[in-house]
Amino acid sequence: MTSVASTDGHVSVAHLSKHFGPVRAVDDLTFDVGPGRVTGFLGPNGAGKTTTLRSLLGLVAPTSGTATIDGKRYQDLHRPGRVVGAALEASSFHPGRTARDHLRVLAPQVGVPEKRCDEVLELVGLADAAKRRAGGFSLGMRQRLGLASTLLGDPKVLLLDEPANGLDPEGIAWLRQLLRYLAAEGRTVLVSSHVLSEVEQTVDDVVIIAKGRLVHASPLAELASLATREVRVASPDHAGLAALAERWPGRVVDGAPGTLLVKDVSAAEVGAAAFAGGLELHQLATLDVGLEDIFLRLTGSTGTDQEGGVA
């Protein structure tokens, strides 16, 4: 694959809002995505991710604010298919067409020669299936063909909505490697997902939204710094617990009556301190607060899909 030109490939969403009647699918959303990095666009189902991507692609008109690529609306880009590659929702294919013929139909629309069809089929691992009819493809193979369509114009910006859907573990590992490769070429890669664990080994940065609003945007490492170890302590001796808490000022989180949560201290340290103070313990447990826990806290999610029905 040829490397992209040195043009920016900057994606900018500024004070974007989109209302569908009384539903605020996106609400005053602002974030920026730059080239050379994979950015995870995260939030529960119904958070507004797909609506934001559709605004970037000119498929829905914002109620207010802007969604631009290189400072321009999608419809104002020269040869947009050569600038932006997008895969939203499940791609549909004529079941009687081969994978190669599907791409051959799209190639003139994008403005690329037919040989490019074979290049992208090779890139997504479908070279051996080029002459197979798409109607017999598995969900994972259809995902790969949809990604091939996205890459047909050799775009500098990739907007991918839940690209790992339907992929088995081997396919997910392949996708991770491909996205890292594309970003290393200097492309801007924005990948949406409602599960942080699905993309945390892939992305450099995260943009997290909930109910259409931004709740966090940072490099992944900064989000990871929010993940802490906590120890829960329970005792019928409330005065003894209060004395124990004084050993770690600034690290104690108020718990339920008769309990303490202590951050960044091991259970062994807490247990030793309680023993030295003669404190009777009814519980001493380590709680690992991982990235997924942080994600769920930020989005106010319980792990189930949000209601609302707007993506």
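What's counted below: heavy atoms across the whole structure, side chains too, no hydrogens, waters or symmetry copies.
- Looking at Tyr181 and Glu185, their side chains do bring a donor and an acceptor atom within 3.5 Å of each other.
- The main-chain N or O of Asp264 is found under 3.5 Å from a side-chain atom of Arg251 such that the two form a donor-acceptor pair.
- For Gln75, the CD atom is densely surrounded, since the number of other residues' heavy atoms within 6.0 Å is greater than 12.
- Residues Gln143 and Leu167 have side chains in contact (heavy-atom distance under 4.5 Å, counting atoms from C-beta outward).
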Val207/Thr39 under side chain to side chain contact (heavy atoms under 4.5 Å, CB included): CA gap, chis, key distance, verdict: CA-CA 7 Å; Val207 174; Thr39 300; 4.0 Å; yes
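- Under a 3.5 Å cut-off, the side chain of Lys211 and the backbone N or O of Ala25 do not form any donor-acceptor pair.
- Interatomic distance, Thr188 OG1 to Asp32 CG, rounded to the nearest 0.5 Å: 11.0 Å.
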Evaluation steps, side chain to side chain contact (heavy atoms under 4.5 Å, CB included), between Ser192 and Thr50: CA-CA 8 Å; Ser192 82; Thr50 299; 5.6 Å; no
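- In this structure, SG on Cys117 lies 11.5 Å from NZ on Lys115, to the nearest 0.5 angstrom.
- Val231 is not listed as a side-chain neighbour of Leu261, based on a closest heavy-atom distance of 4.5 Å or more.
- A heavy-atom distance below 4.5 Å is not found between the side chains of Leu190 and Leu158.
- Distance check: Leu223 CG to Leu298 CG gives 6.5 Å after rounding to the nearest 0.5 Å.
- When atom types are taken as modelled, the side chain of His94 and the backbone of Gly96 share a donor-acceptor pair closer than 3.5 angstrom.
- Residues Phe137 and Ala129 share a closest heavy-atom pair of CZ-O, 3.8 Å.
- With respect to the salt-bridge test (charged N to carboxylate O, under 4.0 angstrom), the residues Lys263 and Glu230 do not qualify.
- Ser266 and Glu269 are linked by a side-chain donor-acceptor pair at a separation below 3.5 angstrom, with hydrogens and angles left out of the test.
- Distance check, rounded to the nearest 0.5 Å: OG1 of Thr98 to CG of Leu145 gives 9.5 Å.
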CA sep, side-chain torsions, deciding dist, call: Leu147, Leu178, side chain to side chain contact (heavy atoms under 4.5 Å, CB included): CA-CA 11 Å; Leu147 190 54; Leu178 176 63; 3.5 Å; yes
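- With hydrogens and angles left out, the side-chain atoms of His102 and Ser149 include a donor and acceptor closer than 3.5 Å.
- Taking the charged nitrogens against the carboxylate oxygens, Asp118 and Arg104 have no contact shorter than 4.0 Å, which rules out a salt bridge.
- The environment of Arg82 atom CZ is dense: over 12 non-hydrogen atoms of other residues, nucleotides or ligands sit within 6.0 angstrom.
- Ion pairing of Asp70 with Lys156 is present here, as a side-chain N (NZ or NE/NH1/NH2) and a carboxylate O approach within less than 4.0 Å.
- In this structure a side-chain-to-backbone donor-acceptor pair under 3.5 Å is missing from Arg100 to Ala130.
- Within the model, atoms CG of Leu279 and OG of Ser235 stand 4.0 Å from one another, a figure rounded to the nearest 0.5 Å.
- Hydrophobic clustering keeps Leu160 apart from Val60 (ILVMFWY residues linked when any side-chain heavy atoms are closer than 4.5 Å, directly or through intermediates).
- Taking the side chain as every heavy atom from C-beta outward, Val206 and Phe295 never approach each other to under 4.5 Å.
- Placement of Val195 and Leu88 in two distinct hydrophobic clusters is found when ILVMFWY residues are connected by side-chain heavy-atom separations under 4.5 Å, directly or transitively.
- Using a 4.0 Å cut-off between charged nitrogen and carboxylate oxygen, Arg187 and Asp154 count as a salt-bridge pair.
- Between Val199 and Leu42, some side-chain heavy-atom pair lies under the 4.5 Å cut-off.
- Considering only heavy atoms from C-beta on, Val124 comes within 4.5 Å of Trp174 through its side chain.
- Judged by distance alone, the side chain of Gln201 and the main-chain N or O of Arg176 form no donor-acceptor pair under 3.5 Å.
- Considering all non-hydrogen atoms of both residues, Gly186 and Pro35 come closest at O-CB, 3.4 Å.
- Distance alone, capped at 3.5 Å, is enough to place a donor-acceptor pair between the Arg116 side chain and the Leu152 backbone.
- For the pair Gly65 and Pro62, the tightest heavy-atom approach, listed with the atom from each and the gap, is O-CB, 3.9 Å.
- Looking at every heavy atom in both residues, Gly271 comes nearest to Leu284 through CA-CD2, 3.7 Å.
- Taking a cutoff of 4.0 Å between a charged side-chain nitrogen and a carboxylate oxygen, Arg213 and Asp27 qualify as a salt bridge.
- Counting heavy atoms from C-beta on, the side chains of Asp205 and Ser218 never come closer than 4.5 Å.
- Between Ala47 and Ile209, the shortest heavy-atom contact is O-CD1, 3.5 Å.
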Evaluation steps, ring-ring contact (aromatic ring centres under 6.0 Å, His included), between Phe41 and Phe31: CA-CA 10 Å; Phe41 187 36; Phe31 67 88; 5.2 Å; yes
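- Using a 3.5 Å distance cut-off with no hydrogens or angles, the side chains of Glu198 and Ser193 do pair a donor with an acceptor.
- Between the side chains of His19 and Ser17, no donor N or O sits under 3.5 Å from an acceptor N or O.
- Val105 and Leu151 end up in different hydrophobic clusters when Ile, Leu, Val, Met, Phe, Trp and Tyr side chains are linked at under 4.5 Å.
- A cation-pi arrangement is present between Lys18 and Phe20, with the terminal nitrogen or guanidinium carbon under 6.0 Å from the aromatic centre and inside a 45° cone about the axis.
- Taking OG1 of Thr66 as the start and NZ of Lys72 as the end, the distance is 15.0 Å to the nearest 0.5 Å.
- Ser12 places no side-chain N or O within 3.5 Å of a backbone atom of Thr68 that could act as its donor or acceptor partner.
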Check against side chain to side chain contact (heavy atoms under 4.5 Å, CB included), Val157 and Val33: CA-CA 10 Å; Val157 176; Val33 179; over 6 Å; no
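- Side-chain contact check for Glu162 and His194: at least one donor-acceptor pair (N or O, by modelled atom type) lies under 3.5 Å.
- Closest of all the heavy-atom pairs between Ala183 and Val38 is CB-CG2, 3.6 Å.
- Taking the side chain as every heavy atom from C-beta outward, Leu220 and Asp204 never approach each other to under 4.5 Å.
- Counting only distance, with no hydrogens or angles, the side chain of Thr30 and the backbone of His15 share a donor-acceptor pair below 3.5 Å.
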